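Before any comments, here is the structure.
Lettering of chains follows the sequences in order, A, B, ..., and the numbering in each one begins at 1. Remember, predicted model here, so these are calculated numbers, not experimental data.
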Amino acid sequence: MALPKRYSKEIEEKWQRVWEERGIHGFNKDSEKPTFVIDSPPPFTSGKLHMGHVLSYSYFDFVARFKRMKGFNVLYPQGWDAQGFPTEVKVEKKYGRLPKEEFRKKCIEFSNEMIKNMKKQMKAMGFSPDWRFEYVTTSPSYHKIIQLSVLEMYEKGLIYREKHPVLFCPYCSSAIAKAETEEKEEETTLYYIEFEYEDGQKKKPLIIATTRPELLHACVAVVVGKKYEKLDGKTAITPFGKRVKIFHDKDVKEEFGTGAVMVCTYGDKQDLVWQKRYKLDVVEGIDKRGKIKNSPFYDGFSIKEARKKVIKALEEKSKIIKKEKIKHTVKIHDRCKKEVELLPSMEWFAKVREHKEKIKEIAKKVKWVPSFTISHLFHWIDSLDWDWVISRDRVFGTPIPFYVCECGEVRAVEKEKLPFYPENAEKIVCKCGKEMKPEEKVFDVWIDSSVTPLIISGWKVDEELFSKTYPNSLRPQGVEIIRTWAFYTLYRCFFLTGEIPWKEILLNGNVLGVDGKKMSKSLGNVIDPDELLNNYSADAIRQWAAMSGVLAKDRPFSYEDINFAKQFLNKLWNASRFIEIALEGALEGEERISEVDVKELEEVDKWILIELEELIKDLEKRMESYDFRNYIVELQNFVWKKFCDFYIEYVKWRVYSGKKKREAQYTLYIVLSAITRALFPISPHISEEISSVVLKNQKTITELGWMSIEVGLTKEEKEKIKERVEMLNKIISEIRNYKARNQLSLKEELERVTIHSPIEISSVIEEIKNVGRVKEIELKSSNELRVEF
RNA sequence: GGGCCCGUAGUCGAGUGGUUAAGACGCCACCCUUACAAGGUGGAGAUCCCAGGUUCAAUUCCUGGCGGGCCCACCA
């Protein structure tokens, strides 16, 4: 068996099969080796990986493969975050409205389909999770652990149910968390509306400015700035005749609008502040589907319709003094992109506000890579002023394991009865005598994903595994979900176990379009992983990922990088083909080659081994600190610039002539062995192929392990050798330069060359003659290198 | 308004308190060399954003601008 002329996809598929058949990536529960546990992100089951996945999943696959080679027992699971709104939308589109239970079944079916394709893509990329540890957030066993985890938090007093204004998406008809909102700049109209106030017996006009006239019926006060300070305590009358109090308040911005504001429950967060400050009534002006309620005239109309009608009515009464176009920012729901409202609603909460400092403390115990990313978390924590709303009015989610009663009583489901599903819950009776209802809401999906370290470690399922694998070693994730995934995981896992979830967290940025902008369909700059997989080998794509490895920073996708990776692999492939020829017959027994003593080696052999030793030591440090970029760049430079450009050229004549051939073979063997193993974490398929075919290894590289190099020479000897061979390299460059200047072929033979060298270089004279194609060489000593032709 | 990251050839980007500031892509010229034209060799191309400061010495450290990106807050 010999290397084919070209590296191909078939080779990659072959090795993916071999790894799977031999169970190379399996975690061994009974092993005595140290464990390394990766809390890999479960992607949302959209059906397709995006470039961000390709990048970040490559990162931790590098780590997993490296750690296995270093003798760790690696637990690298793969999960799927299947529940959530986008799936509901798609399933509803396909099947229409269905009863809850059936609908949930269809959602599961649908997400399983999505998983199939994503799994296929992951395998094609050569990712190496242990598929026996696969988990899906839709499974009853997953639900059970999630419900159990919340019940334990409930017991610790961290969970409560309350009517409280929450961010609410009328389109999705569900409460959402602050972390699920985005901002959108919008043009809107600021209406100047005439109210009146009572000044003694007289009524005088008072102009307020608002963007939300449809909430006029929910107006519970007017607050005024300095300009109207003297109106404090007086009564205002809305155009529809409602009487409300006037307060003077420092939070009114004088320069905006008129300096007088109507407070509606709730138009925005400021209204909530004032409502609390002045203990105002709450008028629920909008219902959960975004329809007006509690209005004398407009109940049942949508916000937009109501706004039009109110404006029309006000205009008829000449109460609109002015209209002004302004730009302002509104909060929108990140999933549906629709405007979010603030509505009082009975929801479940997790206490985070009172534990802000504690969570920060926990976060500090984790090593953040790169370190500045912890500030993203701190900044987020500092800005939190509400607890985490953990309930959602959706179907495709983990049911909340509680019963609730009209009287306000709640009761936790018994742990033995988990997983809990409201549709087949048993009937129970409340203290008040009424029947309690099983809670119909489901959990926020971040409740599902914020305990992945516990899930993969077998929390409450396998105590032995848990003690071995928790805290996890590494959490890789994107910067943009620090405020959600990282934050919620730190919070939940700590309060459940008293320990940090993982020792290190590794942050990756986003992959932008080639144009440097966020990939989006509308910009047409989306790169599809499937398309890359059709045009490039997985090993080249993985190498692109490593080259893009500036951590926690967004980076445009680069065809230059991926093409360079492809060319590099081609270079290595061809070098290996040469070595295959060079080693013919030399690998009958590995011992024969390893017998060679360093002392017998030629100067150039020693040189490349010294360089290799330095490289390998460096690479270990690079990988330990997750510096993938410099890892691959250094490896590429060594292989291309030192090994191929010089060393291989230096030994060709020996290989062909037979002179000192064994030493050359030995050196080629060692170098190729070490570099295939060093390349393995990044580009595993090509490394396996070369290792197996050229180096005749029966074992896979994972089994062979990392290859350390120790050259048995003193520091001084090494320095001298490097000095002389670097001089040789310069001389060869000079000769090549001379030939290029004179438009000669590099093959052209030179009659005679005089070399003025500052150091003694007679030990490399054969290389100069054979590689430079020089018949006769005269050596002279000099202060500076000079080559005369 | 606050915080964080960043500014280095046409483009992308390493890196450094001290000789001549990597490398890649692109460009130009030459070479079909028995591993490789998906290659090789050589070359051109940089005010290291601007202004101050610290220092014997700043592209690097500090301050302030300017420009870009991300996150957060506010906007009745």
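Residue-level contact check: A/R736 touches the backbone only, with heavy atoms under 4.0 Å from sugar-phosphate atoms and none from bases. Within the nucleic acid shown, A/K739 has no heavy atom closer than 4.0 Å to any nucleic acid atom. Across all strands shown, A/V223 has no heavy atoms under 4.0 Å from either base or sugar-phosphate atoms. When heavy atoms are screened at a 4.0 angstrom cut-off, A/D645 is found touching the sugar-phosphate backbone but no base atom. At a threshold of 4.0 angstrom between heavy atoms, the contacts of A/E749 with the nucleic acid are absent. At the heavy-atom level, A/K641 lies under 4.0 Å from the strands shown only through sugar-phosphate atoms. If you check every strand for non-hydrogen atoms under 4.0 Å, A/I648 touches a base. Among the heavy atoms of the strands lying under 4.0 Å from A/C644 is at least one base atom, whether or not backbone atoms are also near. Residue A/W653 is out of contact with every strand shown, counting any heavy-atom pair closer than 4.0 Å.
The 5' end of RNA chain B is approached more closely, in terms of each residue's nearest nucleotide, by A/S558 than by the other of A/S558 and A/F564. Nearest-nucleotide assignment on RNA chain B puts the 5′-proximal partner with A/L744, out of A/I581 and A/L744.
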Please assess A/K775 against A/E751 for the test salt bridge (charged side-chain N to carboxylate O under 4.0 Å, His left out), listing each intermediate value before the final yes or no.
CA-CA 5 Å; A/K775 272 191 181 162; A/E751 279 304 317; 3.4 Å; yes
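For the pair A/K269 and A/W386, the cation sits on the ring face: its NZ or CZ lies under 6.0 Å from the ring centre, inside 45° of the axis.
Taking the P atoms as reference points, B/rA46 lies 37 Å from B/rC36, given to the whole Å.
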